[in-house]
Amino acid sequence: MSILQTPGSDGRFGEFGGRYVPETLVPACQELEVAFEDAWNDPLFRADLDQLLREYAGRPSMITECHNLSEQLGIRLFLKREDLNHTGSHKINNVLGQVLLAKRMGKKRIVAETGAGQHGVASATAAALLGLECKVYMGEVDIARQELNVFRMRLLGAEVEGVTSGSRTLKDAVNEAMRDWVASVETTHYCLGSVMGPHPYPFMVRQFHRVIGDEAFEQMNDATGTSPDFVVACVGGGSNAMGIFSGFIDTPARLIGVEPAGGAAVSRGQPGVVHGMKSFLMQDEYGQVAEAHSISAGLDYPGVGPEHSYLASIGRAEYPTVTDDEVIAGFQLMSRSEGIIPALECAHAMAWISREAKNMQGKTVLMNLSGRGDKDVGQMMSILKDLT
Amino acid sequence: MTGRLEATLRTRIDGGGKCLVPYITGGYPGWVDAVRACAANGADAIEIGIPFSDPVMDGPVIQQASQIALEGGATPVSIFQEIRTLDIGIPLAVMCYYNTVFHAGHERFANDLVAAGVSAAIVPDLPLEEAGDWCVAADAAGIETVMLAAPTAPDNRLPLVAERARGFVYSVGLLGVTGERKELALTATILAARVKKITNKPVLIGVGVSNAAQAVEASRVADGVIMGASVVNRMMDGGSEAVGLFVAEVRGALDRASW
Ligand SMILES: Cc1ncc(COP(=O)(O)O)c(C=O)c1O
């Protein structure tokens with residue numbers, strides 16, 4: 001039996017997950033659960049989605065063997081190139097699925113939260129393509145560090161609203177999107193951007209991202225004749241990681257989800273409930289949710305998707321952390337060694353690989369390059385001053 | 001067994017009156033005086049909010065009050081300690097988000113409420129399907145768990161919600177979060193009528209009931225109202241005195257109306 005779980009109607013992965021939402025949203029989550037199952041089992045829906053992924057998003061994304069870094073680090077390193085998807089990250093896989101589903105459900109409008117802006121841009125893009133109204137909530141701290149993406153969303157016809165409550169980052173953007181949804185649920189679909197939130201989101205979003213792992217499994221087999229020794233991805237909510245882990249969960253590969261030291265739900269959190277799910281959560285002694293602090297807006301989140309908490313609890317995946325300084329070094333390392341500027345999020349995976357390479361000598365390592373770094377160049381200019 | 005909150009509300013209803021339950025954010029500067037002002041001016045029971053970092057059911061007013069309370073160092077423990085000293089003679093319910101309960105542990109939290117003299121709990125992000133374990137602990141401790149009925153609930157769901165509710169059924173007044181509105185939403189009385197039809201428990205409308213006239217309008221169908229943002233707004237602007245005047249005004253309007 002696969003370790004990859006299909007949760008029952010209680011939405012649980014082991015003890016994690018569930019559906020902790022205001023009563024107003026329960027019927028909407030139930031409706032979504034049924035609609036997703038129906039669509040996922042409908043060959044016509046799957047064909048529509050596959051066509052969009054192929055002809056619009058540019059799938060399959062290729063894998064790239066990094067000869068320079070491999071030589072430098074003493075490992076055999078491959079990248080899964082989600083950075084080459086339309087809109088520049090893995091986020092489009094999930095969004096095309098959800099927006100297609102929202103249309104099928106007769107919704108006229110989507111709302112989304114965003115941290116780095118990649119999910120917001122993907123949502124705005126899919127809404128433009130499929131003719132839905134789109135509103136994106138984004139913390140004011142993130143608006144400041146991801147200006148370019150804010151403009152891109154507006155260019156795509158979405159409304160972007162700054163969130164001023166709490167830490168003014170991703171966590172608070174989720175709160176605000178949920179508040180919008182409570183008021184607009186009859187016409188609106190909440191296009192959640194990661195494998196988090198109430199059931200069926202963690203399961204549904206993972207299914208939409210499985211394509212990453214399924215493709216990579218075949219591609220690695222073709223390239224090396226076997227599966228890799230390590231599969232490494234960054235973890236904010238955990239969608240790109242769950243996507244690529246899905247393809248390798250039943251192989252001997254070690255699965256490594258890299259979290260920022262300032263947003264380390266698994267290693268520094270305890271089980272808790274926020275944003276509709278029970279999962280590991282950074283919190284204080286009274287259960288107040290802690291504010292995360294990460295250089296990368298997309299990982300600046302105190303929680304994590306419930307399936308990751310489950311995989312951590314059974315020891316199937318590991319969740320180490322890297323510091324902001326290690327990330328900055330990883331960002332530069334990949335740029336200079338391979339001519340690929342990574343998003344700051346997946347620079348976390350690079351940072352872990354370069355730190356741990358000494359313990360992986362001769363091993364094959366597959367890293368999910370979840371997005372490209374263009375959006376981060378402005379922020380990095382103010383950090384790498386000697387280059388300007 | 002009927003708990004203290006339900007018994008108190010029933011006494012009001014059986015006497016031909018309507019129930020008034022104001023909400024106060026615990027831990028906000030001056031909140032204890034505001035609670036006393038509610039009690040002194042005709043509240044039947046009082047809902048005390050335990051501030052949470054991520055209050056998804058709350059609009060800007062209660063969010064702001066919660067944030068100020070948290071910044072001032074309020075914790076569930078400090079609020080319980082102050083509640084214990086209140087001794088105001090009417091039942092108290094706490095409104096708290098589920099992580100506050102989960103983190104403390106169900107039994108411990110229920111026992112803490114009992115020790116503080118609280119009768120009931122309202123946990124707005126704990127819907128029926130997830131409420132089981134908490135309800136076992138709450139029932140055992142004698143804490144009444146108020147359940148929320150939402151305008152989106154299909155007919156087959158409402159009886160399940162009402163069945164599980166203790167104290168009263170909280171009939172959510174609109175699609176949306178807490179906050180003052182110019183008009184009472186149409187959905188408020190439509191839902192309350194649907195709930196009244198399937199339960200004998202007290203049915204109170206809360207969320208979006210913003211002034212005396214709206215309280216009267218809501219109570220044409222419901223057994224009374226919960227008033228949150230309108231009360232908290234007055235606490236933030238004018239302290240306990242403003243709260244007292246407002247509660248007295250609503251009480252007066254409810255008492256003068258003929259039902
Ligand atoms: C490129 C990229 N990678 C990763 C993430 C983190 O999300 P997740 O953990 O769901 O993959 C983001 C989020 O904004 C992102 O933009």
Side-chain angles (χ1 to χ4, degrees), chain A residues 9-12 15 17-31 163-167 171-188 197-199 269-279 281-291 302-303, chain B residues 50-60 63-64 66-67 70 74-79 96-105 109 123-132 147-154 156-158 160-161 170-172 174-179 185 187 191 207-208:
Chain A
S9 60
D10 65 353
R12 287 290 198 282
E15 67 176 293
R19 184 181 281 154
Y20 298 88
V21 291
E23 176 66 23
T24 302
L25 294 180
V26 171
C29 290
Q30 290 171 337
E31 182 196 6
V163 175
T164 55
S165 56
S167 55
K171 154 178 106 72
D172 310 283
V174 175
N175 290 338
E176 214 48 49
M178 285 186 83
R179 291 185 186 113
D180 182 307
W181 199 32
V182 168
S184 63
V185 60
E186 288 172 326
T187 56
T188 298
H199 183 58
Q270 298 160 263
V273 175
V274 78
H275 296 155
M277 62 184 171
K278 182 181 291 178
S279 199
L281 178 67
M282 286 168 54
Q283 51 192 315
D284 74 4
E285 59 183 309
Y286 300 107
Q288 305 293 355
V289 181
E291 296 185 358
Chain B
I50 308 292
F52 181 55
S53 52
D54 295 82
V56 289
M57 259 308 279
D58 288 306
Q63 277 178 49
Q64 200 198 348
S66 302
Q67 198 157 342
L70 288 174
T75 69
V77 172
S78 72
I79 292 170
C96 59
Y97 287 86
Y98 180 57
N99 201 45
T100 306
V101 180
F102 178 73
H103 193 80
F109 194 79
V123 192
D125 57 346
L126 192 67
L128 199 56
E129 289 77 3
E130 303 289 358
M147 299 299 285
L148 286 83
T152 49
N156 59 7
R157 187 172 175 84
L158 288 181
L160 305 174
V161 170
Y170 192 127
S171 186
V172 177
L174 48 78
L175 283 180
V177 295
T178 59
T187 50
L191 175 65
V207 183

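Chain identifiers are assigned alphabetically (A, B, ...) following the order of the sequence lines, protein sequences preceding nucleic acid strands; residue numbering begins at 1 within each chain.
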For [X] and [Y], which heavy atoms make the closest approach, and how far apart are they?
X	Y	result
B:V56	A:R179	O-CG, 3.2 Å
B:E130	A:D10	OE2-O, 4.4 Å
A:P27	B:P154	CG-CD, 4.1 Å
B:H103	A:D284	NE2-O, 3.3 Å
A:R19	B:P127	O-CG, 3.4 Å

Worked check of side-chain contact (heavy atoms from CB on, under 4.5 Å) between B:T152 and A:V185: CA-CA 9 Å; B:T152 49; A:V185 60; 3.9 Å; yes
Under 4.5 Å from any heavy atom of chain A, what part of [X] do you find: side chain, backbone, both or neither?
X	value
B:F52	both
B:V161	side chain
B:I50	neither
B:P51	backbone

Does CD in A:Q270 sit with more than 12 non-hydrogen atoms of other residues, nucleotides or ligands closer than 6.0 Å? yes
Under 4.5 Å heavy-atom distance to chain B, tell me which part of [X] shows up: side chain, backbone, both or neither.
X	result
A:D180	neither
A:V174	neither
A:P22	both
A:V274	side chain
A:E176	side chain
A:P271	both

Stepwise, does the side-chain contact (heavy atoms from CB on, under 4.5 Å) test hold for B:Q63 with A:N175? CA-CA 11 Å; B:Q63 277 178 49; A:N175 290 338; over 6 Å; no
Please round to the nearest 0.5 Å and tell me the distance separating atom CD of A:Q288 and atom OG1 of B:T100. 5.5 Å
Residue, of [options], that accumulates the most heavy atom pairs under 4.5 Å with chain A:
options	value
B:L70, B:V101, B:V123	B:L70
B:M57, B:M147, B:R157, B:Q67	B:R157
B:L174, B:T75, B:L148, B:V172	B:T75

Ranking A:K171, A:M178, A:H275 by heavy-atom pairs under 4.5 Å to chain B gives rank one to A:K171
Between A:E186, A:Q283, A:Q30, which residue shows the highest count of heavy-atom pairs closer than 4.5 Å to chain B? A:Q283
Is it the case that the side chain of B:N99 and the backbone of A:V273 share a donor-acceptor pair, with hydrogens and angles ignored and the cut-off at 3.5 Å? yes
A:T24 side chain to B:L175 backbone, donor-acceptor under 3.5 Å: no
Evaluate the criterion side-chain contact (heavy atoms from CB on, under 4.5 Å) for residue pair B:Y170 and A:E23; output intermediate values, then yes/no. CA-CA 11 Å; B:Y170 192 127; A:E23 176 66 23; over 6 Å; no
